[in-house]
Amino acid sequence: MKLADRFDRRFEHVSRDHGDAWSPPRSQAHRRGIDLARAASAVADLLDALGVDRGGESLAGTPDRVARAYAELLTPEPFDATTFANDEHYDELVVATSIPFSSLCEHHLLPFSGVAHVGYLPGERLLGLSKLARVVTHFSRRLQVQERLTTEIAHWLEETLHPRGVGVVLEAEHACMSLRGVRAAGSSTLTSALAGLVRDDPRTRAEFLSLVGRR
Ligand code: ZN
């Protein structure tokens, strides 16, 4: 069975519909290198096309700043995914809650941000606690949709740790929903990916959802 098929994905839009079609998770196309000069010139073209007068001093450096800002937002920080042997056979859930994150919606290039709750039921290996936050940040630094970000974090944990279960819940507000379109300010979108015993064992599932405040 393919790994992706083992996940129980629930995409629950708490608020009104996002308004964009969602395409299923796909492997990220190999990212080409960032050409800052070309990006800055494209931002200048965009501003011109939008009828913005770039004559003022304040806007002079904007194309360059925007290019560098997007380059930063789209460059994942490398991290060292050190794992440890679970020598003491810890067999309860390890959960990090309310990890703040922000990412860029690939439909509008606008940010979505919120919190991630990430947990796993250890098998043979444990992960350093700070790494749960690192992995969220890592997969946030690219063009994303919240659903794919959720499953990428879960898949990474599954493949890196081979745990007995994984649970990932993301709650986020999307600027493309709150600032424009339906202007549903304050609404949050909730996504989750549960696998293994976190999905299949009622007690573990209930415990995880209770720990992340979803039940
Ligand atoms: Zn969007």
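Read the numbers this way: they start at 1 and go in the same order the structure lists the ligands and their atoms. All values derive from a computational prediction rather than experimental measurement. Just so it is clear, the values below take in all heavy atoms, side chains as well, and ignore hydrogens, waters and symmetry mates.
With sequence neighbours excluded, the residues forming a side chain to side chain donor-acceptor pair (under 3.5 Å) with E77 are R141, listed by chain and number.
Metal site remark for the Zn ion (ligand 1): H174 contributes no N, O or S atom at a distance under 2.8 Å. Using a cut-off of 2.8 Å, one finds that H107 contributes no N/O/S atom close to the Zn ion (ligand 1).
Considering just the N/O/S atoms of H108, the one nearest the Zn ion (ligand 1) carries the name ND1.
The backbone N or O of G186 sits less than 3.5 Å from a side-chain atom of E173, completing a donor-acceptor pair. Side chain of T150 to main chain of Q146: a donor-acceptor pair is present (N/O by atom type, distance under 3.5 Å, no hydrogens or angles).
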Residues 160-170, side-chain donor-acceptor partners within the protein, below 3.5 Å, at least two apart:
| unit_1 | atom_1 | unit_2 | atom_2 | d |
| --- | --- | --- | --- | --- |
| T160 | OG1 | W156 | O | 2.7 |
| H162 | NE2 | E159 | O | 3.4 |
| R164 | NE | P122 | O | 2.9 |
| R164 | NH2 | D91 | O | 3.4 |
| R164 | NH2 | P122 | O | 3.4 |

